[in-house]
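All values derive from a computational prediction rather than experimental measurement. Order of appearance sets the numbers: ligands from 1, and atoms from 1 within every ligand.
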Amino acid sequence: ETEFSPQRLLSEEIVKTLMEVAERVRLILKDPQDSLVVLSGCGTSGRLAFFMSGFNRELQRLNYAPICSYVIAGGDRALFSSQEAPEDDPTLGALRLKKVSTIPCLRGKKRVLFIGVSCGLSAPFVAGQLDFCLRHPDVYTPVLVGFNPCVSLCRNEPLPGCTLTFRSVVTRMEELAKTQKAFLINPALGPEAISGSSRMKGGSATKILLEVVFSASFSRTPVTFKYAQWGYGRAVQKILCACGRQVCYLGWGSLGLLGLIDASECKPTFGHSELLFPQGPEFSISHDDFLDRVLPRLTDDDAVLLLYSDSDDVDEVAKLAHRVREKTSNIHGAYHQTDGGTAAQQVPCYFFLYKRELSTKLLLNAVSTGAHILKGKVFKNYMIDLQVTNSKLYRRAARLLQVRIAMVDSLKMNQHLCVSVVQVVPLALVCLLTGCSIKEAETRLEQQPIVREAVEACLKSS
Ligand code: S6P
């Protein structure tokens, strides 16, 4: 029996919980020596945790001590590259949380507000952290942010290495939430545009919710939820019409960071992606790297999207734009102006940033998703070229292929096998839909590397 949560992003109950969590943040702001906020998650949720820990910059600007730390499964490499396997490790999650809450001052914090994000209420890494908090209530208060329509639908298989399940952890939290010893923020949202990929709607809603918490910790009137309609649809269309071979994001400040995050998320969702910035042993993400490694190879088939605001060095933007224009005429700008100078002096800038960042995030998500759809990485609204690199993705792949589950079982989850067999899903999909052998499916995919077209061609000819 499934009881769907009546809570939506704007429900009274959700807003009430957000304000209670904001009150905890306010207490931490008063006692930064002995207390801390830790934000954590995996994949997109971890990147959002990192991004939101940028609240520290605004605090410093306002002469407050920084209070936020972040943890992302797979460590900092996962910020800008896909590291899906560590998501399955609850013990590692707990260890990383313990480490981050003790190292900064070489002594333990007395009060830690832990904000774990898992859109599907599914990541074992986060469940391990929540369980750690529940076992150390004297120090840790856990907050869980997710968007599963109801708790009874959240993952219920034992976490690797223990008997707990994500659901059992959430059930314990629900009980403690009655006395505000834990907090659950789990509004129901509609489905993601690409089935199973949380980077668009889930990621954006995470950003909105955490911004409300942080802004309310300053003021009892938090930022409002008026996010509707930025008319970015036409801009996205223009960029997509123009894009041929590759889309490059060239960004400044936090908007540039959103570009990096958007590009990093493409790999787990869409498979191999030329949208990723060049990446060697070190990340090559500076403007100099762009000039050295990307610009010389740009052609008129490539589109470049500049991401900046008037608080960035606009002269430098103009100089780089000029050099890009020598290579391609497909150059577009997502430019933001600060909202009203007078108000900006009275209210911390942070409250203005949220809108330009969120609109940029939505724009980027739409551009990269649209580009991958054009590249044939999506069939209906399924990601058909996903790499089976953790247990959630394994289950997702199995569901995708459930018409002939026995065959998927023969490709059983085995990390070594799965990491190397990157095309397992399209291969199995072609076999299942057409009844052909794996060998034949391989040949068809070699002949037509655009997965959607290979699948469609197979369907037509079968
Ligand atoms: C992004 C993709 C993944 C998830 C990650 C965490 O589109 O779906 O990288 O962000 O698996 O998922 P969750 O449900 O714990 O937030």
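Residues satisfying the salt bridge (Lys or Arg N to Asp or Glu O under 4.0 Å) criterion with Arg47, sequence neighbours excluded, are absent altogether. Scored by the side-chain contact (heavy atoms from CB on, under 4.5 Å) test, Arg111 finds Leu27, Ile28, Asp31, Ser35 as partners (sequence neighbours excluded).
Residues Ile72 and Gln83 have side chains not in contact (no heavy-atom distance under 4.5 Å, counting atoms from C-beta outward).
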Can you pull every nitrogen or oxygen pair between ligand 1 and the protein closer than 3.5 angstrom?
{"from": "ligand 1", "atom 1": "7 (O)", "to": "Ser197", "atom 2": "OG", "distance (Å)": "2.8"}
{"from": "ligand 1", "atom 1": "7 (O)", "to": "Ser198", "atom 2": "N", "distance (Å)": "3.2"}
{"from": "ligand 1", "atom 1": "7 (O)", "to": "Arg199", "atom 2": "N", "distance (Å)": "3.2"}
{"from": "ligand 1", "atom 1": "8 (O)", "to": "Ser198", "atom 2": "N", "distance (Å)": "3.3"}
{"from": "ligand 1", "atom 1": "8 (O)", "to": "Ser198", "atom 2": "OG", "distance (Å)": "3.3"}
{"from": "ligand 1", "atom 1": "10 (O)", "to": "Thr44", "atom 2": "N", "distance (Å)": "2.9"}
{"from": "ligand 1", "atom 1": "10 (O)", "to": "Ser198", "atom 2": "OG", "distance (Å)": "3.4"}
{"from": "ligand 1", "atom 1": "11 (O)", "to": "Glu87", "atom 2": "OE1", "distance (Å)": "2.8"}
{"from": "ligand 1", "atom 1": "11 (O)", "to": "Glu87", "atom 2": "OE2", "distance (Å)": "3.3"}
{"from": "ligand 1", "atom 1": "11 (O)", "to": "Lys392", "atom 2": "NZ", "distance (Å)": "2.7"}
{"from": "ligand 1", "atom 1": "12 (O)", "to": "Lys392", "atom 2": "NZ", "distance (Å)": "2.9"}
{"from": "ligand 1", "atom 1": "14 (O)", "to": "Cys119", "atom 2": "N", "distance (Å)": "3.2"}
{"from": "ligand 1", "atom 1": "14 (O)", "to": "Gly120", "atom 2": "N", "distance (Å)": "2.9"}
{"from": "ligand 1", "atom 1": "15 (O)", "to": "Ser118", "atom 2": "OG", "distance (Å)": "2.7"}
{"from": "ligand 1", "atom 1": "16 (O)", "to": "Ser45", "atom 2": "OG", "distance (Å)": "2.6"}
{"from": "ligand 1", "atom 1": "16 (O)", "to": "Cys119", "atom 2": "N", "distance (Å)": "2.7"}

Evaluate Arg172 against Asp131 for side chain to side chain contact (heavy atoms under 4.5 Å, CB included), listing each step before the verdict. CA-CA 9 Å; Arg172 272 154 72 206; Asp131 175 60; 2.9 Å; yes
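Among residue pairs with one or both ends in residues 145-186, none qualify as ring pair (Phe, Tyr, Trp, His ring centres under 6.0 Å); sequence neighbours excluded.
Donor-acceptor pairing under 3.5 Å is lacking for the side chains of Asn330 and Asp302.
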